[in-house]
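Notes for the one structure printed next.
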Number of protein chains: 2
Amino acid sequence: MPDVTRAARGGARRSETSRRAILAAAFELVGEVGYARLTIEGIAARAGVGKQTIYRWWPSKGVVLLDAFLALSEDPQGDPALPDSGDLEADLKLVLRATAAELVDPRYDLPMRALAAAMLTDPSLRAEYEQRLEQPLRAVKRARVERAVAAGQLPPGTDLDLAVDLLWSPLWRRWQDGGELTAAFADALVETVLAGLRAR
Amino acid sequence: MPDVTRAARGGARRSETSRRAILAAAFELVGEVGYARLTIEGIAARAGVGKQTIYRWWPSKGVVLLDAFLALSEDPQGDPALPDSGDLEADLKLVLRATAAELVDPRYDLPMRALAAAMLTDPSLRAEYEQRLEQPLRAVKRARVERAVAAGQLPPGTDLDLAVDLLWSPLWRRWQDGGELTAAFADALVETVLAGLRAR
DNA sequence: TCAACGAGACGAACCGTCTCGTATTGAAAT
DNA sequence: ATTTCAATACGAGACGGTTCGTCTCGTTGA
């Protein structure tokens with residue numbers, strides 16, 4: 001068993017080439033055949049890698065997928081903040097419309113469904129996703145709402161987590177249910193939720 | 001292949017005993033070992049049934065699970081309407097609190113996660129769920145909101161589907177994410193969404 | 001020097017199909 | 001009404017195929 005924490009005295013290190021090939025193969029494969037037919041052997045074959053190399057570094061298919069997503073979102077180092085034009089409603093509509101468009105993008109739909117399905121039935125994977133993706137993203141969303149509170153666009157004492165949940169949850173759910181994710185829906189969602197938050 | 005549409009001239013009919021045993025076994029098993037380790041062979045063994053009897057009547061594990069849920073919700077013929085005390089906010093808080101309690105019930109948590117995961121990666125299962133469970137339930141929810149509109153508690157022209165989505169989506173999503181489903185959350189959710197709907 | 005690597009052999013589990021012999025049913029014959 | 005009979009589902013499990021996760025091999029490379 002490899003000791004990752006301590007640098008080995010001699011011997012080969014983990015191959016970055018193989019790691020990237022595995023993540024890319026997993027992402028491509030799941031997009032082609034779906035999660036049900038995604039196999040470790042298939043990933044290894046497509047990546048040109050021995051099965052053991054996958055079993056050595058990842059505990060499950062789900063974590064491989066999660067890493068594949070992290071690799072995707074880390075490569076183009078997007079700005080870690082939501083737009084802030086001063087107009088919360090306009091900014092949120094922009095972001096939610098973009099999110100909706102991304103969700104229905106055929107390149108991401110199947111892989112995201114696979115990851116979501118894996119998380120539903122694997123608490124440890126859910127915890128790792130929570131720590132490595134969900135929490136940072138939520139912090140960014142909370143920060144934008146918090147700035148709106150500071151600017152007086154929302155009442156002081158606004159529940160930031162509630163606000164984030166109300167804004168994004170219906171989008172995710174419609175995507176899962178296969179419902180229509182239109183810009184009109186995103187707009188109505190933002191308008192209604194913000195009206196509710198302002199009225200508190 | 002059995003012809004279900006036309007009555008056969010002779011021969012045995014589908015065994016209701018086996019059908020019930022299979023659905024019960026599937027529900028119990030998935031609650032014990034989770035979806036990843038749920039196998040047709042395991043269901044057949046626990047139900048005291050041949051594998052072919054399952055393959056003959058169901059196209060996939062997911063549909064077996066869906067039928068198991070339908071059998072559960074059809075047995076106690078609950079009233080097909082949400083409570084209507086005249087106070088929409090109070091009624092919704094009651095319903096959402098009950099839903100939250102049901103979601104965290106350890107008897108239902110794993111089976112529901114399994115079904116949700118199966119639907120995420122199987123569009124045909126999703127369509128069948130949509131038709132047999134989601135649409136009837138949504139109609140009941142829409143009807144309650146519609147009565148509130150008629151009673152003048154919500155403005156005319158209120159988007160019923162948007163209202164239902166805003167009210168229930170955050171609950172589902174928190175459950176999926178493993179977040180806390182408290183009565184306080186349900187209450188704040190109802191209060192904020194209704195405030196937003198009233199302000200339109 | 002020594003651990004990670006690609007490759008693949010290995011037994012176990014489960015897949016979905018099939019083939020038994022048995023049990024149950026409705027229709028036809030008595 | 002009772003018996004006979006053909007058709008079909010049933011429980012059981014054999015079957016080849018696929019994937020699992022583990023385990024060796026030599027080879028490569030830091």
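Within every chain, numbering begins at 1; the chains are lettered A, B, ... in the order of the sequence lines, protein sequences first and strands thereafter. Side-chain atoms are counted along with the backbone in the values below, which use heavy atoms only and exclude waters and symmetry mates.
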Q: Run through Leu171(B), Asp165(B), Leu166(B) and flag the one making a side-chain contact (heavy atoms from CB on, under 4.5 Å) with Ser169(B).
A: Asp165(B)
**Q.** Short side-chain N/O contact to dT24(C) OP1/OP2 from Ser15(B), under 4.0 Å
**A.** no
Q.
Test of understanding: with side-chain hydrogen bond (donor to acceptor under 3.5 Å, both in side chains), list the residues that count as partners of Arg113(A), not counting sequence neighbours.
A. Asp109(A)
Q) Does anything in residues 32-49 of chain B reach DNA chain C, meaning a heavy atom under 4.0 Å, and if so which residues? A) Thr39(B), Ile40(B), Glu41(B)
Q: Tell me who clusters with Leu120(A), hydrophobic residues only, linked when side chains sit under 4.5 Å apart either directly or through other members.
A: Leu120(B)
Q: Any chance you could list the contact pattern along nucleotides 23-30 of chain D? Use B for base contacts, S for sugar-phosphate-only contacts and - for none, protein heavy atoms under 4.0 Å, 5' to 3'.
A: B-----BB
Q: Round to the nearest Å and state the distance from Glu16(B) atom CD to dC10(D) atom C1'.
A: 15 Å
Q: Name all residues meeting the side-chain hydrogen bond (donor to acceptor under 3.5 Å, both in side chains) criterion together with Thr192(B); count only those two or more places apart in sequence or in a different chain, and write none if there are none.
A: Arg200(A)
**Q.** Trp57(A) vs dA3(C): side-chain N/O to OP1/OP2 distance below 4.0 Å
**A.** no
(Q) Run the side-chain hydrogen bond (donor to acceptor under 3.5 Å, both in side chains) test against Trp58(A) and tell me which residues pass, sequence neighbours left out. (A) Asp67(A)
**Q.** Which residues share a side-chain contact (heavy atoms from CB on, under 4.5 Å) with Ala148(A), sequence neighbours left out
**A.** Leu88(A), Arg144(A), Gln153(A), Leu154(A)
Q. Any idea which of dG21(D), dA4(C), dA9(D) is nearest the Arg56(A) side chain?
A. dA4(C)
(Q) Lys61(A): which residues meet the side-chain contact (heavy atoms from CB on, under 4.5 Å) condition with it, sequence neighbours left out? (A) Tyr35(A), Leu38(A), Ile40(A)
(Q) Taking side-chain contact (heavy atoms from CB on, under 4.5 Å) as the definition, give me every residue that meets it alongside Arg37(B), ordered by chain and number, with sequence neighbours left out. (A) Val33(B)
Q) Of the candidate nucleotides dG6(C), dT17(C), dC10(D), which contains the atom at the shortest distance from the side chain of Ser18(A)? A) dG6(C)
**Q.** Five-pair end axes of the helix from dT1(C)-dA30(D) to dT30(C)-dA1(D), angle between them (10°)
**A.** 20°
Q | Non-neighbouring partners of Phe27(A) that pass ring-ring contact (aromatic ring centres under 6.0 Å, His included), sequence neighbours left out | A | Phe69(A)
Q: Name all residues meeting the side-chain contact (heavy atoms from CB on, under 4.5 Å) criterion together with Ser124(B); count only those two or more places apart in sequence or in a different chain, and write none if there are none.
A: Asp122(B)
